[in-house]
Q: 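Here it is, the structure in full.
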Amino acid sequence: MSEQQQYIVTARKWRPLRFEDVVGQEHITTTLKNAITMKRVHHAYLFTGPRGVGKTTCARILARALNCLNPVNQEPCNACSNCTDMLEGRNMDIVEIDGASNNSIDDVRKLRDNVKYAPVSGAYKMYIIDEVHMLSTAAFNALLKTLEEPPAHLIFVFATTEINKVPATILSRCQRFDFRRMEIETISRHLAHIADAEKISIDEESLIAIAKKADGSMRDSQSIFDMVVSFCGTSITIAELGRALQFIDADFFFALSDAIANHDIPTMFEQSRIVIQRGYDLQECLIGLMDHFRNILTVITTKGTGLIEASKADLERYRQAATQFTKADVLRIMTLISQGESALRQHPPQPRVRFEFTLVQLAGMDSTVDLGTVLAALQNPATAQRPVPPLPSTIPSTTSQSLVGGVASAQHMSVRIGNPVVMRSAPAPVSSLSTGNLARRWAQWIDTLPEHLSFVGQSVRSQLVTADVTDVGIVLRTGSQVMYQRLQDSMVALKEHLTTTYGASIGVHIVTSSRPQPSAPLTAAATTTSAAVSSDTASSVADAVPEPPGRSENILPIEQHLIELFGARRSTAPRRA
């Protein structure tokens, strides 16, 4: 027999022969061994789970363990005549049926006719039906009676990857065992054991890459291993593995994350060109990038690398990469990647343009300022963990002011510039005559009033006089003509004290009304500052000319506003017809 004919693929050569050889399914193998020990073997088992995790293998081991002539600790010896016949496929007591091709009611009828015969050499006759979910409804119904009350020597083992397609009437008659997906660490460790036995050199990164590619299937990982050995020979490195599997290595994703952190758009176009030249799948590339930032997010949130499945060298690189981003940054990045991957999934025209657009979006994204950190910095700058970006001088103030009882307050409003959310963290210079600065120094102005102006502070605190900040200065409102006249007489002293407090000349306007209007002083929660007041009659700091009789009912609100603030009067010229 030639050497080519003697070759056996790894998945068959290294198929487990005993329960203890099964990898990653200890919860099932332990249960089956204990059932044999306690003589509590059920007449029907249902093995469900992903492909390539050991369902059929465990069924065959169970069959040999039950019929072995010399069992050791409930394990088959694999040396007696019964075991060797089963291993070589000659044993008539073990019948394997493919449910996909033997799914008719006639096939089940033949099975029912044969199950009544006793086993030839062993203690049990076993039927292993693979992909049992492929049986037709009529075939399932024909099997029910035999499955519920089988002969004492008969055992059924059903294996399926789609448990949802198996009728409930079948499920209720079986003991169900759920096989787990293989963990990446489990697969890589088993592959390393096989490589050592086969005298094949392979690095840790390549083992992890193969395990990830297998997606939880031990059989798939062994098939990939065979293909890589055929390409690379007995020495396998991650670079050669990438060429063999068209595999995108970790260096590519770290290059992308560095470009995103540095806002390096040219690098994004260069990396996109490499992806296109090497023929990588663009959607798969974005999926890998999503997994890459998932690893970064786990480092940021857990402060460790215990949840990352990667080599030791890559774990250290993830620790360093996590320092370049915040949690908010990574969440926004993953959202953009998900949107780009979803667009590519629809097979749009010009997929390269959409792929590059996603990468450029990521590189051009501004950093995010955490709102909680900003508020902490405003309250205690000494303990701030991250500096607050200053607002550009061209951004107008978004602070609303109120003057209540001589106390000035300001409500911080968020300003969105591009993507990041920033806060105004420091007051503007005193020389800036914005409404915000006027409001901030109002309490100081009230508290430092000289003796001859103390009546102003008392009137403000008792709300006999209310004050509003407007774009043209400070408006003092009073419903008393006496208070209006007293403030008017002290106008020069008031302005001098305002100039001393603010370091600049401040406009003061005094408004009175014989019938006080309901006024709601601005509070810290106010969002606008009223600059106008409606009243029946008004006076200002200038010599106001009263409105002619009979015309006040036609005064518009804007006209009333001008009359109050600037002492204007309405023209009495008659209108033309």
Q: With side-chain contact (heavy atoms from CB on, under 4.5 Å) as the test, pick out the partner of Val23 among Arg189, Met218, His193.
A: Met218

Q: If you measure from OG on Ser206 to CZ on Phe225, what distance do you get to the nearest 0.5 Å?
A: 10.5 Å

Q: Spell out, as yes or no, whether a donor-acceptor pair under 3.5 Å connects the side chain of His153 to the backbone of Val115.
A: yes

Q: Minimum heavy-atom separation for Ala192 and Leu207, please, with both atom names.
A: CB-CD1, 3.7 Å

Q: Going by salt bridge (Lys or Arg N to Asp or Glu O under 4.0 Å), name the pairs with one or both residues in residues 236-260, residues two or more places apart or in two chains.
A: Glu240-Arg243, Asp251-Arg317

Q: Tell me whether the count of non-hydrogen atoms from other residues, nucleotides or ligands lying under 6.0 Å of OH in Tyr117 goes above 12.
A: no

Q: Are the ring centres of Phe179 and Phe177 closer than 6.0 Å?
A: no

Q: How about Gln277 and Arg273: does a side-chain donor come under 3.5 Å of a side-chain acceptor?
A: yes

Q: Please, which pairs that meet salt bridge (Lys or Arg N to Asp or Glu O under 4.0 Å) have at least one residue in residues 41-63, sequence neighbours excluded?
A: Arg51-Asp220, Arg60-Glu96

Q: Kindly write out the residues that satisfy ring-ring contact (aromatic ring centres under 6.0 Å, His included) with His263, not counting sequence neighbours, or none if the list is empty.
A: none

Q: Is a side-chain N or O of Thr301 found less than 3.5 angstrom from the main chain of Leu297, in a donor-acceptor match?
A: yes

Q: Looking at Cys80 and Leu69, what are the two nearest heavy atoms and their distance?
A: SG-N, 3.5 Å

Q: Search all heavy atoms of Arg181 against all heavy atoms of Gly216 and return the closest pair with its distance.
A: NH2-N, 3.6 Å

Q: Consider only side-chain N and O atoms of Asn34 and Thr31, and report whether a donor and an acceptor are under 3.5 Å apart.
A: no

Q: How close do Thr56 and Asp130 get, heavy atom to heavy atom, and via which atoms?
A: OG1-OD2, 3.6 Å

Q: Any donor-acceptor pair under 3.5 Å linking the side chain of Thr326 with the backbone of Asp329?
A: yes

Q: Give a yes or no on whether a salt bridge exists between Glu20 and Lys33, defined as a side-chain N under 4.0 angstrom from a carboxylate O.
A: no

Q: Look at the side chain of Glu75 and the backbone N and O of Phe19, then say whether any donor-acceptor pair between them is shorter than 3.5 Å.
A: yes

Q: Which residues satisfy the side-chain hydrogen bond (donor to acceptor under 3.5 Å, both in side chains) test with Asn141, sequence neighbours excluded?
A: none

Q: Going by the rule side-chain hydrogen bond (donor to acceptor under 3.5 Å, both in side chains), which residues pair with Ser121 if we only count those two or more places apart in sequence or in a different chain?
A: Asn82, Asp93

Q: One thing to verify: whether Arg15 and Asp21 come together as a salt bridge, which I'm taking to mean a side-chain N less than 4.0 angstrom from a carboxylate O.
A: no

Q: Between Thr30 and His27, is there a donor-acceptor pair closer than 3.5 Å when you use the side chain of the first and the backbone of the second?
A: no

Q: Between Lys312 and Glu316, does at least one N-O distance fall below 4.0 Å, as a salt bridge requires?
A: no

Q: Shortest non-hydrogen contact from Gly233 to Ile200?
A: O-CG2, 4.4 Å

Q: Nearest 0.5 Å please: distance from the OG1 atom of Thr358 over to the CG atom of Leu282.
A: 10.0 Å

Q: Any side-chain heavy atom of Gln271 sitting closer than 4.5 Å to one from Val275?
A: no

Q: CD1/Ile202 to CG/Leu241 distance, rounded to the nearest 0.5 angstrom?
A: 7.0 Å

Q: Between Phe269 and Leu359, does a side chain to side chain contact (heavy atoms under 4.5 Å, CB included) hold up when you go through it step by step?
A: CA-CA 8 Å; Phe269 281 106; Leu359 295 185; over 6 Å; no

Q: Just wondering, do Ile61 and Thr57 contact through their side chains at under 4.5 Å, heavy atoms?
A: yes

Q: Do the non-hydrogen side-chain atoms of Ile94 and Asn67 ever get within less than 4.5 Å of each other?
A: yes

Q: How close do Ala313 and Glu205 get, heavy atom to heavy atom, and via which atoms?
A: CB-OE2, 4.4 Å

Q: What about Phe253 and Phe293, are their ring centers closer than 6.0 Å?
A: no

Q: Go through the structure and list residues passing ring-ring contact (aromatic ring centres under 6.0 Å, His included) with Phe254, not counting sequence neighbours.
A: His292, Tyr318

Q: Quick one: are Leu46 and Gln175 in side-chain contact, heavy atoms under 4.5 Å?
A: no

Q: What pairs meet the salt bridge (Lys or Arg N to Asp or Glu O under 4.0 Å) rule with one or both residues in residues 155-178, with sequence neighbours excluded?
A: Glu148-Arg173, Glu162-Lys165, Arg176-Asp178

Q: Using modelled atom types only, decide if a donor and an acceptor are shared between the side chain of His133 and the backbone of Asn164 within a distance under 3.5 Å.
A: no

Q: For Asn73, look at atom CG and say whether over 12 heavy atoms of other residues, nucleotides or ligands are found less than 6.0 Å away.
A: no

Q: Run the numbers on Asp203 and Ile236 for side chain to side chain contact (heavy atoms under 4.5 Å, CB included), then give the verdict.
A: CA-CA 7 Å; Asp203 56 18; Ile236 303 174; 5.6 Å; no

Q: Are there over 12 heavy-atom neighbours, none belonging to Met92, within less than 6.0 Å of that residue's CE?
A: no

Q: Would you check if there is a donor-acceptor pair between the side chains of Glu204 and Ser311 at a distance under 3.5 Å?
A: no

Q: For Thr298 and Asn295, which I'm curious about, is there any donor-acceptor pair between the side chains at under 3.5 Å?
A: no

Q: Can you check whether Leu143's main-chain N or O pairs, donor with acceptor, with Thr146's side chain at less than 3.5 Å?
A: no

Q: Taking side-chain hydrogen bond (donor to acceptor under 3.5 Å, both in side chains) as the cut-off, I'd like each qualifying pair that reaches into residues 221-234, sequence neighbours left out, listed once.
A: Thr10-Asp226

Q: Donor-acceptor check, side chain of Ser217 to backbone of Ala214, threshold 3.5 angstrom: yes or no?
A: no

Q: Please state whether the rings of Tyr45 and His42 are parallel, tilted or perpendicular, taking 30° and 60° as the class boundaries.
A: perpendicular

Q: Sequence neighbours excluded, which residues qualify as salt bridge (charged side-chain N to carboxylate O under 4.0 Å, His left out) partners of Glu198?
A: Lys13

Q: Determine whether the side chains of Asn78 and Arg18 contain a donor N or O and an acceptor N or O closer than 3.5 Å.
A: no

Q: Listed by chain and number, what are the side chain to side chain contact (heavy atoms under 4.5 Å, CB included) partners of Ile105, not counting sequence neighbours?
A: Arg109, Ala138, Ala142

Q: Who are the side-chain hydrogen bond (donor to acceptor under 3.5 Å, both in side chains) partners of Gln283, not counting sequence neighbours?
A: Glu341

Q: Roughly how far apart are Asn103 CG and Thr137 OG1, rounded to 0.5 Å?
A: 10.5 Å

Q: Rounded to the nearest 0.5 Å, how far does CG of Leu17 lie from CG of Leu87?
A: 6.0 Å

Q: Keeping the roles fixed (side chain from Gln25, backbone from Arg180), state whether a donor-acceptor pair exists under 3.5 Å.
A: yes

Q: Please list all pairs passing the salt bridge (Lys or Arg N to Asp or Glu O under 4.0 Å) test where one or both residues lie in residues 275-291, with sequence neighbours left out.
A: Lys213-Glu284

Q: Within a radius of less than 6.0 Å around CD of Glu183, do more than 12 heavy atoms belonging to other residues, nucleotides or ligands occur?
A: no

